[in-house]
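What you see is a predicted model, and the numbers here were worked out from it, not measured in a lab.
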Amino acid sequence: MTPGKRKVAVVGVSLSDCGRVDDATPYALHAQAARRALADAGMDRSLVDGFASAGLGTLPPVEVAEYLGLRPTWVDSTAVGGSTWEVMAAHAADAIAACHAEAVLLVYGSTARADIKAGRRTGNLSFGARGPLQFEVPYGHTLIAKYAMAARRHMHAYGTTLEQLASVAVQARANAALNPDAMFRTPITTDDVLSGPVIADPFTKLHCCLRSDGGAAVLLAAEEYVRDCRTAPVWILGTGEHVSHTTMSEWPDFTVSPAAVSGRLAFERAGVRPEEIDVAELYDAFTYMTLVTLEDLGFCAKGEGGQFVEKGRLTVGGELPVNTDGGGLSAQHPGMRGLFLLVEAVRQLRGEAGERQVRKTGGRLPELAVASGTGGWFCSSGTVVLGRG
């Protein structure tokens, strides 16, 4: 096969046990997700020659690969927050297309919730005070505060309302109600969101993602392996990545995320338009993140996100199903959640989502999906466009 010419498919996906997992280590969740993804693909571990992981160990991904019994000849430990996994998927797809690897396994696992419950760590709202961040931390500039400021700016500039932001949480919960593995499934109303305790103005508790335990794994392989896999392939059609800023003072516009660049690149490289997408899996640490990412990916014009998210558009049966598993707002959020977006996108395209399965006119399965992860406080973005085989 000519380097750079062969196609790349996702051939296996899986989640570990998620939600409340009090009796497992992060390493165990990595292993559980990895085993399940390999079983999903029907591929032997010996065929995996590429490995990508971040967020665990002193020498990631060396420690995790050793724990899993892998000796990869291609590795990636890119760590850019929530967008890590979309960026890693892009790197893995490039490596496979260039014949630098045959099959690459992406794995993540975290016991973020259990560690706090057991007193092994605290609920830290800061990324530290070193480097450029030293100029913001003294003013109480926490992660949540940064997102809250950006949301307020969007409200000021475009008239976006609290009710519109709240509707994102309401629709995420409606999708979660159809997902037996979601951590929170009880329906909520706009009033429930608005009346909750304030975390960082304008965000109340239900504007913010939950904290859970859990892991995920995604296996990518070269096209010649597809015929031997037990699942239908989901092809990587196009990817894009972009980093923007670290300090808020270097962010040119609080109402524009780096998805505006990563999304444009991914769609151009895939040769598709946003209006052709059937399912969107977007990072949703906060309701504003969903709204502004929809704008920046081109699903609506800048400033029209508030109107776009109204009237049930984001539900499984809506105009553009978004975060069909319930997202980080209701399903699970064990930390860098970007890998979960890819798992859900693949399951939707393969028709394996059960009660929450998206259907097109005539009951047809969706054909195109986009997964877009966000890292830091809109500091980085990775976008992947996927298509059914």
Side-chain angles (χ1 to χ4, degrees), residues 8-19 21 29-41 43 52-55 82-90 92-93 103-110 172 175-176 178-183 209 212-221 229-236 239 278-284 316 321-358 365-366 368-373 382-388:
V8 180
V10 176
V11 295
V13 298
S14 183
L15 301 183
S16 71
D17 294 345
C18 293
V21 185
L29 294 181
H30 276 76
Q32 187 180 60
R35 285 194 300 267
R36 290 176 179 177
L38 286 165
D40 182 57
M43 182 178 286
S53 179
S83 63
T84 290
W85 307 103
E86 283 67 35
V87 172
M88 282 184 172
V104 178
L105 183 65
L106 283 63
V107 191
Y108 178 67
S110 168
N175 291 341
L178 304 175
N179 178 9
D181 296 321
M183 198 166 174
C209 66
S212 75
D213 307 310
V218 170
L219 180 63
L220 292 79
C229 291
R230 61 173 295 275
T231 55
V234 170
W235 301 100
I236 303 291
T239 65
D278 300 310
V279 180
E281 307 298 340
L282 312 179
Y283 209 95
D284 61 340
V316 166
V322 173
N323 297 337
T324 46
D325 63 345
L329 292 171
S330 285
Q332 76 287 114
H333 197 300
M336 297 187 293
R337 192 181 179 271
L339 200 53
F340 293 76
L341 309 179
L342 291 167
V343 171
E344 180 65 12
V346 169
R347 286 178 169 174
Q348 285 290 340
L349 292 177
R350 294 198 316 205
E352 299 172 349
E355 192 178 354
R356 67 182 186 280
Q357 180 63 54
V358 172
L365 290 176
L368 293 170
V370 64
S372 190
T383 302
V384 179
V385 178
L386 306 106
R388 189 156 51 87

Review point. Which value, rounded to the nearest 0.5 Å, describes the distance between Ser110 atom OG and Arg337 atom CZ?
Key: 13.0 Å

Check your understanding: So how far is it from Leu105 CG to Leu220 CG, rounded to the nearest 0.5 Å?
Key -> 9.0 Å

Check your understanding: In this structure, which one of Leu178, Asn323, Asn179 forms a side-chain contact (heavy atoms from CB on, under 4.5 Å) with Val316?
Key -> Leu178

Check your understanding: Does some side-chain heavy atom of Asp325 sit less than 4.5 Å from a side-chain heavy atom of Arg356?
Key -> yes

Review point. So do the side chains of Asp17 and Arg36 get within less than 4.5 Å of each other, counting heavy atoms only?
Key: yes

**Study point:** Any side-chain heavy-atom pair of Asp213 and Pro334 under 4.5 Å
**Key:** no

**Study point:** Min side-chain heavy-atom separation Pro366-Gln357 under 4.5 Å
**Key:** yes

**Study point:** side-chain contact (heavy atoms from CB on, under 4.5 Å) between Asp181 and Leu15, worked out
**Key:** CA-CA 10 Å; Asp181 296 321; Leu15 301 183; 5.7 Å; no

Exercise for review: Answer yes or no: is there a donor N or O on one side and an acceptor on the other, between the side chain of Asp278 and the main chain of Leu368, under 3.5 Å?
Suggested key: yes

Check your understanding: Is there a salt bridge (charged side-chain N to carboxylate O under 4.0 Å, His left out) between Arg350 and Asp40 once you walk through the steps?
Key -> CA-CA 12 Å; Arg350 294 198 316 205; Asp40 182 57; 2.8 Å; yes

**Study point:** Approximate separation, where rounding is to 0.5 Å, of Trp85 CH2 and Leu106 CG
**Key:** 6.5 Å

Check your understanding: So, for Thr324 and Glu281, which heavy atoms are closest and what is the spacing to 0.1 Å?
Key -> OG1-OE2, 2.7 Å

Review point. Do Leu339 and Leu342 touch side chain to side chain, with heavy atoms closer than 4.5 Å?
Key: yes

Practice item. State, to 0.1 Å, how close Cys229 and Met43 come at their nearest heavy-atom pair, and which atoms those are. Key: SG-CE, 4.0 Å

Point to revise | Inter-residue atom distance Ser16.OG - Arg35.CZ, 0.5 Å rounding | key: 10.5 Å

**Study point:** Smallest separation among heavy atoms of Ala33 and Ala216, with atom names
**Key:** CB-C, 3.6 Å

Check your understanding: CD/Gln332 to CE/Met183 distance, rounded to the nearest 0.5 angstrom?
Key -> 9.5 Å

Point to revise | Which atom of Val370 lies closest to which atom of Val385, heavy atoms considered | key: CG2-CG2, 4.3 Å

Review point. Can you name the nearest heavy-atom pair linking Ala176 to Ala182, along with the distance?
Key: O-CB, 3.6 Å

Practice item. Spell out, as yes or no, whether a donor-acceptor pair under 3.5 Å connects the side chain of Ser212 to the backbone of His333. Key: yes

Practice item. Kindly indicate whether the side chain of Val21, heavy atoms from C-beta on, has any atom under 4.5 Å from the side chain of Leu29. Key: yes

Practice item. Quick one: closest heavy-atom pair of Gly338 and Tyr283, and the distance? Key: N-CE1, 3.5 Å

Check your understanding: Does the side chain of Glu344 come within less than 4.5 Å of Val13's, by heavy atoms?
Key -> no

Practice item. Walk me through it: do Val10 and Ile236 pass the test side-chain contact (heavy atoms from CB on, under 4.5 Å)? Key: CA-CA 7 Å; Val10 176; Ile236 303 291; 3.8 Å; yes

Review point. Would a 4.5 Å heavy-atom cut-off, applied to side chains only, mark Val346 and Val218 as touching?
Key: no

Exercise for review: Test Thr383 against Glu86 for side chain to side chain donor-acceptor pair (under 3.5 Å), laying out the working first.
Suggested key: CA-CA 6 Å; Thr383 302; Glu86 283 67 35; over 6 Å; no

